[in-house]
Amino acid sequence: MPAIVVLGAQWGDEGKGKATDQLGSATDYVVKFNGGNNAGHTVVVGSEKYALHLLPSGILTPGVTPVIANGVVVDLAVLFQEIDDLTERGIDCSRLQVSASAHVIPSYNRTMDAVTERFLGQRKIGTTGRGIGPTYGDKMTRVGIRIQDLFDPSILRQKVEGALLQKNALLVKIYNRRQIEADAIVDELLSYGERLRPMVADTSLLLNQALDRGETVVFEAGQATMLDIDHGTYPFVTSSNCTAGGASTGTGIGPTRLDRIVGVAKAYCTRVGEGPFPTELDDEKGEFLRVTGSEFGTTTGRPRRTGWYDAVVARYSSRINGLTDLVITKLDILSGLAEIPVCVAYEVDGVRHEEMPVNQTDFHHAVPVYENRPGWTEDISQCRTWEELPAAARDYIEYLEEVSGCRISTVGVGPDREAAIVRHALAQPGAPAHP
Ligand code: GDP
Ligand code: IMO
Ligand code: MG
């Protein structure tokens with residue numbers, strides 16, 4: 001019965017990888033439906049730490065079938081490297097299924113990503129440089145290369161030549177760079193074909209049939225709601241739909257089949273790259289969150305920007321995604337603060353906004369309105385039940401639940417698989433999301 005979507009409710013790096021991993025042995029399939037190797041999910045299992053970029057985190061649970069669905073953009077060199085690294089560490093990747101309709105990131109799109117960012121100068125997005133934007137751009141303008149094209153050399157050549165007509169005009173005439181030759185691109189892509197062939201599947205059919213049999217499918221989002229191309233802080237976003245609807249279009253599973261939508265949010269907030277972030281701190285409290293929370297990017301190593309929990313963003317995420325459950329991670333990082341501000345509204349030019357301003361300029365000018373909650377001093381990383389948490393930590397979570405528009409089912413208190421407090425089993429299909 002259950003199709004469970006796990007997605008980011010803030011600006012990414014909320015701990016989606018760990019949340020997916022925790023669903024663990026109850027899962028039959030775990031599906032990546034958007035983004036590419038811009039994602040970085042860290043999962044800690046005992047003394048082992050895994051950083052996953054292209055493969056869904058469920059791959060770490062024996063017996064689970066990992067799927068890369070049609071909504072993903074695939075850098076094949078990265079895919080095979082990740083498979084090799086995991087296999088060397090004893091993880092079985094042999095069940096991996098890759099959609100024939102997923103798009104490929106050709107090396108020229110990494111080049112395009114880099115030159116576009118350089119050209120934008122101060123107006124840059126701060127991308128991960130993995131070629132994500134240009135590859136989704138090609139998909140939308142219908143000059144993309146798909147996995148299935150790798151098995152038809154003459155079609156592949158036609159498509160690469162077609163794409164390069166535009167790219168080379170830009171590269172040579174605008175960006176003053178050398179022309180890219182189609183031969184080298186085609187040869188590289190064809191060289192992956194043989195190894196890829198046994199993994200390629202009609203993943204929509206496969207997953208719909210699994211749901212028909214009553215198996216459990218987890219859809220793991222890359223990036224997050226505020227980085228969504230439609231609903232995020234455009235243009236400072238990624239180029240895919242990271243929100244719940246993306247799980248449907250990115251896999252070919254009808255929206256009526258999605259049973260539970262689980263949002264993951266930190267007990268505070270972080271962001272990597274450029275763009276507005278109302279609760280951002282540039283003082284010693286921000287540095288405290290960065291250092292204590294080890295807030296450095298899994299993919300690029302960049303220091304993450306840090307700030308207080310933003311309930312306006314949480315309510316927006318609850319609404320946009322139709323969240324049934326919220327998982328709050330990293331509560332342990334807040335231990336030792338005398339009080340903890342929570343942003344409950346914004347003020348924009350003297351006007352109070354309870355909901356996300358619809359106008360981008362207003363969001364850039366949003367000044368957070370804070371409610372302070374009492375902190376606690378105890379180390380909570382060993383707590384495993386709700387009752388073991390200090391009263392102030394329970395109060396903080398109950399307050400977040402009150403202002404976030406969704407019930408809080410699980411609370412994370414450390415990076416380990418076991419370091420979590422389950423308050424409620426995930427909501428049953430059809431149950432109201434509001435506490
Ligand atoms: P993702 O991209 O959403 O999967 O998140 P990342 O893996 O990029 O970043 C989350 C980081 O927080 C990882 O290093 C996790 O190991 C870590 N983490 C997840 N949950 C918790 C938690 O409850 N407490 C602490 N201290 N760390 C956590
Ligand atoms: P996970 O899945 C945080 C950010 C980049 C940049 C913007 C666009 O680990 O949560 P892109 O390379 O996608 O075109 O960059 O999006 N970004 C992320 N930030 N976590 C991620 O993934 C991200 N993936 C992209 O920093 O601001
Ligand atoms: Mg991450």
Side-chain angles (χ1 to χ4, degrees), residues 6-22 32-45 48-54 56-57 72-73 75 105 109-110 112-114 116-117 124-137 220-229 232-240 242 263-277 289 292-305 327-335 379-381 383 410-421:
V6 177
L7 56 81
Q10 298 165 323
W11 275 281
D13 305 323
E14 298 91 345
K16 298 175 290 292
K18 181 188 154 190
T20 308
D21 177 65
Q22 277 174 331
K32 182 176 170 91
F33 64 82
N34 77 300
N37 56 315
N38 48 347
H41 307 304
T42 303
V43 182
V44 181
V45 185
E48 294 289 313
K49 185 170 168 176
Y50 301 92
L52 298 151
H53 298 285
L54 201 42
S57 306
V72 176
V73 290
D75 185 323
I105 304 180
N109 278 341
R110 284 200 306 276
M112 294 309 295
D113 199 353
T116 314
E117 282 281 275
K124 73 174 196 275
I125 308 295
T127 71
T128 59
R130 303 300 193 258
I132 305 296
T135 301
Y136 279 113
E220 185 188 5
Q223 296 74 54
T225 304
M226 300 306 285
L227 292 172
D228 181 277
I229 185 79
T233 50
Y234 191 89
F236 300 100
V237 292
T238 190
S239 299
S240 67
C242 332
V264 186
K266 279 177 197 170
Y268 50 98
C269 214
T270 65
R271 171 162 207 172
V272 198
E274 309 301 318
F277 179 7
L289 293 176
T292 317
S294 309
E295 297 296 354
F296 298 89
T298 311
T299 300
T300 58
R302 289 178 287 179
R304 295 176 183 148
R305 300 157 66 191
V327 171
I328 297 289
T329 61
K330 298 193 128 174
L331 185 65
D332 51 309
I333 303 305
L334 299 181
S335 289
D379 173 2
I380 60 169
S381 60
C383 296
T410 305
V411 180
V413 292
D416 296 348
R417 229 179 218 179
E418 295 74 28
I421 293 167

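Note that the structure is predicted; figures quoted are calculated from it, not measured. Numbering of ligands and ligand atoms starts at 1, following listing order. All heavy atoms count here, side chains included; hydrogens, waters and symmetry mates do not.
Using a 4.0 Å cut-off to heavy atoms of G17, the atoms of ligand 1 that qualify are 4 (O). Within ligand 1, counting atoms from 1 as listed, the ones closer than 4.0 Å to a heavy atom of T298 are 8 (O). Atom numbering of ligand 2 starts at 1 in the shown order; those under 4.0 Å from a heavy atom of G222 are 2 (O). Close contacts of ligand 1 with G412, meaning ligand atoms under 4.0 Å from a residue heavy atom, involve 23 (O). Listed by atom number, the atoms of ligand 2 under 4.0 Å from W11 heavy atoms are 3 (C), 19 (N).
Nearest protein neighbour of atom 19 (C) of ligand 1, counting heavy atoms only, is K18 CD, 3.8 Å. Shortest contact from atom 16 (O) of ligand 1 to any protein heavy atom: P415 CB, 3.6 Å. Of the protein's non-hydrogen atoms, V272 O, 3.1 Å is the one closest to atom 27 (O) of ligand 2. With respect to atom 9 (O) of ligand 1, the closest heavy atom belonging to the protein is D13 O, 3.5 Å. Looking only at heavy atoms of the protein, atom 8 (O) of ligand 1 is closest to G40 O, 2.8 Å. If you check which protein heavy atom lies closest to atom 24 (N) of ligand 1, you get D332 OD1, 2.9 Å. For atom 20 (N) of ligand 2, the nearest non-hydrogen atom of the protein is D13 OD1, 3.2 Å. Protein heavy atom nearest atom 15 (C) of ligand 1, with residue, atom name and distance: T42 O, 3.9 Å. G414 O, 3.4 Å is the protein heavy atom nearest to atom 21 (C) of ligand 1. In terms of protein heavy atoms, atom 18 (C) of ligand 2 is closest to L227 CD1, 3.6 Å. Annotation: atom 15 (O) of ligand 2 to nearest protein heavy atom, T127 CA, 3.3 Å.
Side-chain atoms of C383 and I421, non-hydrogen and from C-beta on, do get closer than 4.5 Å to each other. No side-chain heavy atom of N38 sits under 4.5 Å from any side-chain heavy atom of T299. The closest side-chain heavy-atom distance from T298 to R304 is below 4.5 Å. Side chains of N34 and C242 form a contact here, defined as non-hydrogen atoms less than 4.5 Å apart. K266 places a side-chain heavy atom less than 4.5 Å from the side chain of D13. F236 places a side-chain heavy atom less than 4.5 Å from the side chain of R271.
With a cut-off of 2.8 Å, the Mg ion (ligand 3) has an N, O or S atom of G40 in range.
Taking distance alone, with nitrogen or oxygen atoms compared against 3.5 Å, T238 approaches ligand 2 more closely than that limit. Below 3.5 Å of separation, one finds an N or O of Q223 facing an N or O of ligand 2. Considering backbone and side-chain N/O of A221, none are found under 3.5 Å from N/O of ligand 2. For the pair N38 and ligand 2, the shortest N or O to N or O distance falls below 3.5 Å. The shortest N/O to N/O separation between T128 and ligand 2 falls below 3.5 Å.
Using a 4.0 Å heavy-atom cutoff, F236 is absent from the residues neighbouring ligand 2. Using a non-hydrogen distance threshold of 4.0 Å, G126 registers as a contact of ligand 2. Distances from ligand 2 to the non-hydrogen atoms of V237 include at least one value under 4.0 Å. Look at R304 and you'll find every heavy atom at least 4.0 Å from all atoms of ligand 2. Under a 4.0 Å heavy-atom criterion, G40 is in contact with ligand 2. Ligand 2 has no atom lying under 4.0 Å from any heavy atom of R271.
Side-chain contact check for T127 and D113: at least one donor-acceptor pair (N or O, by modelled atom type) lies under 3.5 Å. In summary, the side chains of N109 and T135 do present a donor paired with an acceptor at a separation below 3.5 Å, with no hydrogens or angles considered.
If you look at K16 next to ligand 2, the close heavy atoms, those under 4.0 Å, all belong to the side chain. Residue I333 touches ligand 1 through its side chain alone, judged by heavy-atom distances below 4.0 Å. Of all the heavy atoms of H41, the ones lying under 4.0 Å from any atom of ligand 2 belong exclusively to the side chain. At a heavy-atom distance under 4.0 Å, only side-chain atoms of R304, from C-beta outward, approach ligand 1. Under 4.0 Å from ligand 2, the heavy atoms of R302 that appear belong solely to its side chain.
Taking both residues in full, the closest heavy atoms of L334 and Y268 are given as CD2-CD2, 3.9 Å, listed atom of the first, atom of the second, then distance.
The option with the heavy atom closest to atom 1 (P) of ligand 1, from among H53, R417, H41, is H41. For the residues K266, K330, E295, K49, the heavy atom positioned nearest atom 18 (N) of ligand 1 is part of K330.
Between the side chain of D379 and the backbone N or O of S381, at least one donor-acceptor pair lies under 3.5 Å. A donor-acceptor pair is defined here as one N or O able to donate and one able to accept, closer than 3.5 Å; such a pair exists between the side chain of Y136 and the backbone of G35.
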> Can R130 and D75 be said to form a salt bridge (Lys or Arg N to Asp or Glu O under 4.0 Å), step by step?
Replying inline: CA-CA 8 Å; R130 303 300 193 258; D75 185 323; over 6 Å; no
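Of the inter-residue distances, the one linking T238 atom OG1 with M226 atom CE reads 14.0 Å to the nearest 0.5 angstrom.
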